[in-house]
Amino acid sequence: MSAKLWAVIRREYIERVRTKGFVIGTVLGPLIMSALMIVPALAMRSGSKPLKVAVLDSTGTLRPAVEDALRAARFDDKVRFDVQAETGSAPGTREAALKKAVLEGKLDGYLELPADAVAKGTASYFGRNVSNRIDLGTMERVVSGVVVGVRLSAAGLDPGKVKDLTRGLDLKTIRLSETGEREDKGAAMIFSIILLMILYVSILMWGQMVMTSVIEEKTSRVVEVMASGVSPTTLLSGKLLGVGAAGLTQFLVWSLSLFVFSMATAGPVLGSVSMPEITPLMLVSFVLFFLLGFLFYASLYAAIGSAVNTVQEAQNFVWPVMLPIILAMVCFPAALEAPDGALAVTMSMMPGMSPLIMFLRIVVLTPPLWQIGLSIALLALGIVGVVWVAARVYRVGILMYGKRPTFPEIVKWVRHA
């Protein structure tokens with residue numbers, strides 16, 4: 001490594017790690033990631049307070065059974081309904097009284113059972129908040145059980161016996177790995193999405209930082225002074241390696257923090273919920289695919305920054321560059337559903353998408369090592385290609401001012417630089 005290249009790398013690295021934003025992001029990043037893993041687990045365990053509800057029964061027979069069933073209803077071993085006793089209002093004004101109680105906040109809502117509730121199997125819930133799908137689903141299930149029980153009794157069948165014979169299956173999901181068995185209640189999926197979002201945002205954030213830096217140096221004419229003693233190729237290489245080293249430093253801190261957090265929460269926490277398993281391969285992939293993804297996109301961002309004069313002009317060229325990684329984010333649910341499917345495997349081999357999709361596959365269902373190696377090799381070849389293109393654009397564009405370039409002109413720079 002030449003002394004000039006090292007000087008550029010050192011300048012770019014120190015310029016970024018000394019900023020308050022870098023220090024704050026490096027320190028707060030692990031805390032935010034830990035919170036993002038703990039909060040969903042807490043939400044799965046705690047839920048909201050029980051709904052304060054009342055029952056308006058027009059059948060004249062269902063209310064006691066429905067109230068008892070709601071009081072006994074549980075979700076994740078927690079009582080979900082605080083059933084209020086019958087009010088003393090006259091039958092004709094009971095509905096109005098319940099609506100008033102809901103609007104005044106004395107009740108969260110009330111369940112209305114029409115006269116034909118048993119025959120038609122219909123009921124209505126009135127409340128100010130009807131978006132709490134878990135509680136309302138529990139209410140629907142419980143009341144349906146009462147209605148079905150009444151029908152069975154009318155048909156001469158024992159509801160309790162029928163319930164025992166038709167009891168559903170409680171399917172537990174156990175994740176198998178080389179380290180053993182681990183019950184998964186959805187935390188692993190949430191964790192994989194969180195890491196994917198962090199990787200996506202970080203790659204684009206640091207790439208955008210390279211582009212902004214190039215534009216600022218170009219508009220302030222600082223680059224003219226630098227180019228007088230250093231070749232444009234050395235400037236580009238130093239900027240990519242220096243900014244990449246700063247991002248890598250931050251990611252190493254984050255990965256080490258994730259590993260420590262994983263070790264600290266290796267057993268069940270927050271009740272019966274276990275934290276997702278974080279393997280060494282996952283941590284290495286997290287850092288490696290950030291670095292490779294950064295080099296791929298930062299090279300293109302640097303080329304765009306050298307070709308334009310303002311950030312506003314750059315936006316016209318950023319969209320085509322971002323398209324592959326945006327497509328990867330759009331398609332990641334399909335890869336999450338079938339990580340070894342044809343779509344996921346194909347996208348994990350495409351250089352612009354592999355930093356996200358291959359990493360997601362490693363987190364969800366580790367693919368064969370040859371697929372990981374091939375993905376990395378293809379991404380490395382892609383990086384070589386985009387760096388070659390970026391260097392030719394950078395060499396011409398960094399010293400051009402005033403004129404807004406077009407795509408045909410940039411292609412001409414690549415062909416003839």
Side-chain angles (χ1 to χ4, degrees), residues 12 15-16 19 21-22 25 196-224 226-227 232 235-244 246-247 250 289-332 347 350-357 379 382-383 385-415 417:
E12 296 292 339
E15 183 177 306
R16 278 152 185 84
T19 62
F22 179 88
L196 186 72
M197 291 300 300
I198 292 172
L199 196 59
Y200 168 75
V201 172
S202 298
I203 288 174
L204 294 185
M205 179 185 70
W206 285 94
Q208 182 84 19
M209 192 177 299
V210 170
M211 184 184 73
T212 304
S213 174
V214 172
I215 294 175
E216 289 176 352
E217 291 176 355
K218 182 177 178 179
T219 54
S220 64
R221 303 299 177 98
V222 172
V223 71
E224 294 181 0
M226 298 174 65
L235 282 176
L236 174 62
S237 301
K239 185 172 291 292
L240 292 177
L241 294 176
V243 178
Q250 188 175 78
F289 280 107
F290 160 74
L291 185 59
L292 295 177
F294 164 80
L295 290 175
F296 185 91
Y297 284 99
S299 301
L300 297 174
Y301 272 119
I304 293 173
S306 66
V308 301
N309 301 291
T310 64
V311 175
Q312 289 73 23
E313 289 182 9
Q315 301 309 313
N316 297 325
F317 299 95
V318 166
W319 169 249
V321 169
M322 292 177 59
L323 189 58
I325 200 168
I326 291 176
L327 287 176
M329 286 301 298
V330 171
C331 297
F332 92 83
M347 294 179 66
M350 301 177 67
M353 302 180 182
S354 57
L356 298 186
I357 302 301
L379 180 55
I383 291 172
V386 296
V387 168
W388 180 83
V389 171
R392 297 175 79 85
V393 175
Y394 193 90
R395 189 179 301 129
V396 177
I398 197 67
L399 298 176
M400 294 189 66
Y401 300 93
K403 184 179 179 181
R404 177 181 296 183
T406 61
F407 272 112
E409 290 180 13
I410 294 177
V411 172
K412 188 181 297 184
W413 294 354
V414 175
R415 294 176 59 186

- [ ] For Pro355 and Leu199, work out which heavy atoms get closest and say how close.
- [x] O-CD2, 3.2 Å
- [ ] Report the residues that fulfil ring pair (Phe, Tyr, Trp, His ring centres under 6.0 Å) with Phe317, sequence neighbours left out, ordered by chain and then residue number.
- [x] Phe407
Task: Minimal non-hydrogen separation, Ile304 against Val321, with atom names - done: CD1-CG2, 3.5 Å
- [ ] Kindly indicate whether the side chain of Tyr301, heavy atoms from C-beta on, has any atom under 4.5 Å from the side chain of Val318.
- [x] yes
Open item on the list: Test of understanding: with side-chain contact (heavy atoms from CB on, under 4.5 Å), list the residues that count as partners of Ala390, not counting sequence neighbours.
Closed with: Leu236, Ser299, Ala303
- [ ] Mark yes or no for whether Tyr297, through its side chain, and Ile325, through its backbone, hold a donor-acceptor pair below 3.5 Å.
- [x] yes
Open item on the list: I want to check something: taking the side chain as every heavy atom from C-beta on, are Val387 and Leu295 in contact at a cut-off of under 4.5 Å?
Closed with: no
Task: Residue pair Val214 / Ala302: nearest heavy atoms and the distance that separates them - done: CG1-O, 4.1 Å
Task: Distance-minimising heavy-atom pair for Gly244 and Phe294 - done: CA-CE2, 3.2 Å
Task: Non-neighbouring partners of Ser213 that pass side-chain contact (heavy atoms from CB on, under 4.5 Å), sequence neighbours left out - done: Glu12, Arg16, Glu217, Lys239
Taking only distance into account, with no hydrogens and no angle test, what donor-acceptor pairs under 3.5 Å do side-chain atoms of residues 201-212 form with protein atoms, sequence neighbours excluded?
from: Ser202; atom 1: OG; to: Ile198; atom 2: O; distance (Å): 2.7
from: Thr212; atom 1: OG1; to: Gln208; atom 2: O; distance (Å): 2.9

Open item on the list: Quick check: closest heavy atoms across Leu327 and Met347, and the distance to 0.1 Å?
Closed with: O-CE, 4.0 Å
- [ ] For Ile326, check side-chain contact (heavy atoms from CB on, under 4.5 Å) against everything at least two apart and list the hits.
- [x] Tyr200, Trp319, Met322, Val330
Open item on the list: In the structure I gave you, are the side-chain heavy atoms of Pro351 and Phe296 within less than 4.5 Å of one another anywhere?
Closed with: yes
- [ ] Heavy atoms only: give me the nearest Ala328-Ile357 pair and the separation to one decimal.
- [x] O-CD1, 3.6 Å
